[in-house]
Amino acid sequence: MKLTIFEKKVLNLVKKIPRGKLTTYKLLAKAVGQSKAARAVGNALNKNPRLIKISCHRVIRSDGRLGGYRLGWKRKMLLLKREGIEFEKNKVKNFKKYIQN
DNA sequence: CTATTGACGACAT
DNA sequence: CATGTCGCCAATA
């Protein structure tokens with residue numbers, strides 16, 4: 001499985017997110033120099049070859065909603081709760097305070 | 001080269 | 001708050 005440059009960039013940033021912190025597809029896009037490629041970022045994570053090793057569950061939507069996850073958003077939510085993150089109505093409560101800058 | 005496909009985002013209704 | 005629309009983009013067929 002070979003990864004494209006774009007995918008590598010994204011995955012490398014994602015794996016650095018510390019436990020209990022979050023980031024968004026949009027921020028990642030900006031971080032790799034393509035502020036409008038949030039959607040493409042999501043696709044990159046979807047292809048994530050090491051779903052187990054890379055914590056792609058810490059990436060959410062810019063509006064605080066969870067966004068997708070290969071194994072289902074419920075699973076994603078569980079993992080986040082396990083890291084001490086709280087929810088309300090399918091949205092992360094005060095998500096801005098968890099964002100990793 | 002063109003068309004399609006989404007783990008998206010901003011805005012309108 | 002819930003949907004729908006439209007624009008964006010990298011990857012793929």
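Letters A, B, ... are given to chains in the order of the sequence lines, protein chains preceding strands, and every chain is numbered from 1.
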Peer 1: Rounded to the nearest angstrom, tell me the gap between atom NZ in A:Lys2 and atom P in C:dA11.
Peer 2: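 Interatomic distance, NZ of A:Lys2 to P of C:dA11: 13 Å.
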Peer 1: Is A:Arg58 paired with A:Glu83 through a side-chain N to carboxylate O contact shorter than 4.0 Å?
Peer 2: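 A:Arg58 and A:Glu83: salt-bridged.
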Peer 1: Grab the CZ-C1' distance between A:Phe6 and B:dA7 for me, whole Å please.
Peer 2: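 Rounded to whole Å, this separation is 13 Å.
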Peer 1: Considering only distance and modelled atom types, tabulate donor-acceptor pairs under 3.5 Å from the side chains of residues 70-82 of chain A, sequence neighbours left out.
Peer 2:
{"unit_1": "A:Arg70", "atom_1": "NE", "unit_2": "A:Asn46", "atom_2": "OD1", "d": "3.2"}
{"unit_1": "A:Lys76", "atom_1": "NZ", "unit_2": "A:Tyr25", "atom_2": "OH", "d": "3.2"}
{"unit_1": "A:Lys76", "atom_1": "NZ", "unit_2": "A:Val59", "atom_2": "O", "d": "2.8"}
{"unit_1": "A:Lys76", "atom_1": "NZ", "unit_2": "A:Leu66", "atom_2": "O", "d": "2.8"}
{"unit_1": "A:Lys76", "atom_1": "NZ", "unit_2": "A:Gly68", "atom_2": "O", "d": "2.8"}

Peer 1: Return the NZ to CD distance between A:Lys16 and A:Gln100, rounded to the nearest 0.5 Å.
Peer 2: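 The CD atom of A:Gln100 is 11.0 Å from NZ of A:Lys16, to the nearest 0.5 Å.
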Peer 1: May I have the distance from A:Asp63 (atom CG) to B:dA12 (atom P), rounded to whole angstrom?
Peer 2: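 After rounding, the gap between these two atoms is 16 Å.
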Peer 1: Quick check: is A:Val32 connected to A:Leu11 through a chain of hydrophobic side chains (ILVMFWY, heavy atoms under 4.5 Å apart)?
Peer 2: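 Yes, A:Leu11 and A:Val32 fall within the same hydrophobic cluster.
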Peer 1: Report all interatomic pairs (protein N or O, nucleotide N or O of nucleotides 5-7 of chain C) with separations under 3.5 Å.
Peer 2:
{"unit_1": "C:dG7", "atom_1": "O6", "unit_2": "A:Arg39", "atom_2": "NH1", "d": "2.7"}

Peer 1: The side chain of A:Ala37 is closest to which nucleotide in this list: C:dC9, B:dC8, C:dA11?
Peer 2: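 Comparing C:dC9, B:dC8, C:dA11 against the side chain of A:Ala37, the answer is C:dC9.
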Peer 1: Classify the side chain of A:Asn43 versus the base of B:dG6 as yes if they form a donor-acceptor pair under 3.5 Å and no if they do not.
Peer 2: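 Side chain to base: pair found, below 3.5 Å.
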Peer 1: Within the structure shown, what part of the strands sits under 4.0 Å from A:Ala38 by heavy-atom distance: base, sugar-phosphate, or nothing?
Peer 2: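 The residue A:Ala38 makes sugar-phosphate contact but no base contact.
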Peer 1: Nearest whole Å is fine: how far is B:dC8 P from A:Leu27 CG?
Peer 2: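 Atom-to-atom, A:Leu27 to B:dC8, this comes out as 14 Å.
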Peer 1: Please state how far atom CZ in A:Arg61 lies from atom C1' in C:dA2, giving the value in whole angstrom units.
Peer 2: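 Computing the A:Arg61:CZ to C:dA2:C1' distance gives 13 Å.
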Peer 1: Roughly how many Å is it from CZ in A:Arg65 to P in C:dT3, rounded to a whole number?
Peer 2: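 These atoms are roughly 10 Å apart.
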Peer 1: Within less than 4.0 Å of OP1 or OP2 of C:dC8, is there a side-chain N or O belonging to A:Lys26?
Peer 2: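 No, A:Lys26 has no side-chain N/O under 4.0 Å of OP1/OP2 on C:dC8.
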Peer 1: My understanding is that only residues two or more places apart in sequence, or in another chain, count here; which of them pass side chain to side chain contact (heavy atoms under 4.5 Å, CB included) with A:Lys15?
Peer 2: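 With neighbours one apart ignored, the set is A:Asn12, A:Ile54.
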Peer 1: Could you tell me how far apart A:Asn46 (CG) and B:dT4 (P) are, to the nearest whole angstrom?
Peer 2: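 Atom CG in A:Asn46 sits about 20 Å away from atom P in B:dT4.
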Peer 1: In whole angstroms, how far is the C1' atom of C:dC9 from the CG atom of A:Leu28?
Peer 2: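 Rounding to the nearest Å, CG of A:Leu28 and C1' of C:dC9 are 15 Å apart.
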Peer 1: So if you build clusters from Ile, Leu, Val, Met, Phe, Trp, Tyr with side-chain heavy-atom gaps below 4.5 Å, do A:Leu27 and A:Ile17 land together?
Peer 2: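 No, no single cluster joins them.
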Peer 1: Any chance you could measure A:Tyr98, atom OH, to A:Lys93, atom NZ, to the nearest 0.5 Å?
Peer 2: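 Result: 8.0 Å between the selected atoms.
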Peer 1: If the cut-off is 4.0 Å, is A:Ser62 near the phosphate of B:dC8, judged by side-chain N/O to OP1 or OP2?
Peer 2: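 No.
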Peer 1: Would you say C:dC8 has OP1 or OP2 under 4.0 Å from some side-chain N or O of A:Gln34?
Peer 2: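 False: A:Gln34 side-chain N/O out of range (4.0 Å or more) of C:dC8 OP1/OP2.
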Peer 1: Does A:Tyr69 contact B:dA7 through a side-chain donor or acceptor facing the base, at a distance under 3.5 Å?
Peer 2: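 Between B:dA7 and A:Tyr69, which were checked side chain against base, a qualifying N/O pair under 3.5 Å is absent.
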